[in-house]
Amino acid sequence: MHLRRLAVEDFRSWERAELDLEPGVTVLVGSNGVGKTNLAEAIGYVATLGSHRVANDAPLIRRGAERAIVRAQVVHQGRELFVELEITAGRANRARVNRAPVLRPREILGILRSVLFAPEDLALVRGDPGERRRFLDDLLVARYPRYAGVRSDYDRVLRQRSALLKTARNRQADLSTLEVWDGHLARHGAALLAGRLELVDGIAPHAEKAFSEVAPTSDPLSLQYKCSIPGELDRAALEPMLLDELAQVRRQEIERGVCLVGPHRDDLVLGLGEGPAKGYASHGESWAIALSLRLASYRLLKADDVEPVLILDDVFAELDAQRRRALCAVAAEAEQVIVTAAVAEDVPAQLTGARFAVGGGTVVRTTTGDDPSDVQENG
Amino acid sequence: MFEGPVQDLIDELGRLPGVGPKSAQRIAFHLLAADAADVTRLQEVLQKVKEGVQFCEVCGNVSERERCRYCADARRDPTIVCVVEEPRDVLAVERTREFKGRYHVLGGALDPLGGIGPDALRIRELLARLGGTGPASDEGDIGEVIIATDPNTEGEATATYLVRLLKDFPGLSVTRLASGLPMGGDLEFADEMTLGRALAGRRALS
């Protein structure tokens, strides 16, 4: 899979930008603050309908503009698809595929698949469990777009049930409907949980292997899913297990007014050697773990026969020689890699391909060769 | 910003569901240019809808009299009741011309986020109807309840809740609208949840 063209309008700092892309490596070079990452973010948004930098859409829209537009032309197995997304703050996005509107934007999930590695990924290791849950769920949706529905149904039920618990605490309100919400929470929760467990089974060997390549001198990395249900999980009976556990904590839940059981309380525990990575891993090791998780995502998707677009946003400057080499090795085998860097020297020499200079509100192609016809005005 | 009453009108129109600021402006200027008689007529129906329309004492549907036309119609089967969320859902079912029973309008769905619990819905009235103590105790025994709440999170929760309550009525048959593939649709475009439900609710052809 690769991206043939990306165009944005009123997206972040960009009033307008267009890039013609090719398979292989594309490097976007420009000083800090010129909008390189915004372009990487736009690609990620088309793939996941979310940003790797912010939780809501408002910052994606250029100040003063009403909506942002991202257009992407995706080539997959010789077929070309044209995706158009209109992002409006506080309202549902609108999407079109090959110029035909789709009912729900989430129907475009799966058209473009990408794996984005960025400085924010350090939070996968050091941040809250929520960061790791989001990592798992995003990857789950990238692999099986139907999980977008499972995830949003679960979130909706969770919000309703939490609202009920909260009012119950404050006003001793009617709890007669709580069991109804329990049932729905367990049903959707079990579906999400089953997906995550299978995903962790799939990604753990890839991540452990990637880490041993990236950081051969460190203790081995391990991945383990920690569920809010204590004890051994029976994967065939997740729904009744969740229901049982909800019954166990009922009183506590009503006292505290929060929902204490379900996939929204789970975590992906990253272990380094005998202990946990969080709090113990060094800065360099944390980076290597984050990188390994992204490389593992890439390899897992590739093993499913959908080669994702690899986006490396401003990451080479943070990595030592060993890690750069490991990342380059993966990048070299990828169908398409999009790299951003503040200075060209940060990008390893092995990554040859198209180069674009980003700055002053334009993107200009600067390579390859000295042929002036190669320089094309964009933006 | 326009001056005085024009801006007030635009603001009021903009608060209506489905009307954005641009549409509100267009409607406001349309009204400004329209015949005085047309505007008066609109003004009158607006007034009438607030003053003249009441809710059916039996089913809760919007009605001009104490009982709506479905509850007052003796030709409709009183033994079968279709439970819906809103009056507009009654119209939707009516358009099928397939249903000859009566209705019960809940006035919404369970929605803790919106502060709507079972007491805010006309569930007590439904139970009274089933128990034969409702305002239409003359309508006879109800043998079947069809739950036709929306197939979304809140509608499904409401349906589950009703099913639990209705278990207490012996001999009452409780059904839920089937959910599945839309007519004229393509299998390949169905989302996984719809298709999954359609599979679970498949029926035998022979």
Side-chain angles (χ1 to χ4, degrees), chain A residues 66-67 88 90-92 97 100 102-110 140-141 144-189 191-192 195 257 259, chain B residues 14 17-23 106 108-121 123-124 126-127 147 149-168 174 176 179 181-182 184-200:
Chain A
E66 272 180 29
R67 82 260 172 292
T88 318
R91 262 202 294 156
V97 176
V102 294
L103 200 60
R104 279 170 302 196
R106 77 176 189 225
E107 286 173 42
I108 69 159
L109 290 171
L140 198 54
V141 172
Y144 309 111
R146 68 186 175 89
Y147 275 100
V150 175
R151 189 180 181 182
S152 72
D153 284 341
Y154 180 75
D155 286 345
R156 183 84 194 153
V157 173
L158 176 64
R159 277 175 37 212
Q160 289 285 14
R161 191 174 180 276
S162 307
L164 183 66
L165 286 168
K166 225 167 247 136
T167 50
R169 186 182 51 164
N170 298 341
R171 297 191 316 215
Q172 291 300 310
D174 186 11
L175 281 173
S176 62
T177 60
L178 187 58
E179 276 182 36
V180 170
W181 292 109
D182 286 0
H184 286 253
L185 189 89
R187 176 144 49 93
H188 296 299
L192 184 59
C259 191
Chain B
V19 181
K22 290 246 169 73
S23 305
L106 293 172
L110 289 178
D111 178 13
L113 280 169
I116 297 179
D119 292 340
L121 304 174
I123 291 176
R124 213 177 300 109
L126 176 66
L127 299 180
I147 301 178
T149 51
D150 291 342
N152 56 22
T153 303
E154 293 75 22
E156 290 292 338
T158 312
T160 315
Y161 183 67
L162 286 176
V163 168
R164 282 162 173 259
L165 292 177
L166 299 184
K167 260 196 280 191
D168 297 341
V174 181
R176 174 95 173 101
S179 63
L181 300 168
D186 275 314
L187 208 58
E188 62 165 327
F189 292 127
D191 66 280
E192 176 263 349
M193 207 160 141
T194 308
L195 195 52
R197 280 207 192 157
L199 268 174

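Every chain is numbered from 1, with letters handed out A, B, ... down the list of sequences.
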ask   = Have B:Thr153 and A:His184 got a donor and an acceptor in their side chains that come within less than 3.5 Å?
value = no
With sequence neighbours left out, the residues meeting side chain to side chain contact (heavy atoms under 4.5 Å, CB included) with B:Pro21 are none
B:Asn152 meets the side chain to side chain contact (heavy atoms under 4.5 Å, CB included) criterion, sequence neighbours left out, with B:Asp150, B:Glu154
Under 4.5 Å to a heavy atom of chain B? For A:Glu179 that would be both
Interatomic distance, CZ@A:Arg159 vs CG@B:Leu113, rounded to 0.5 Å, equals 5.5 Å
Here the gap from A:Thr177 atom OG1 to B:Asp119 atom CG, rounded to the nearest 0.5 Å, amounts to 10.0 Å
Flag side-chain contact, heavy atom, 4.5 Å: A:Trp181 against B:Leu110 = yes
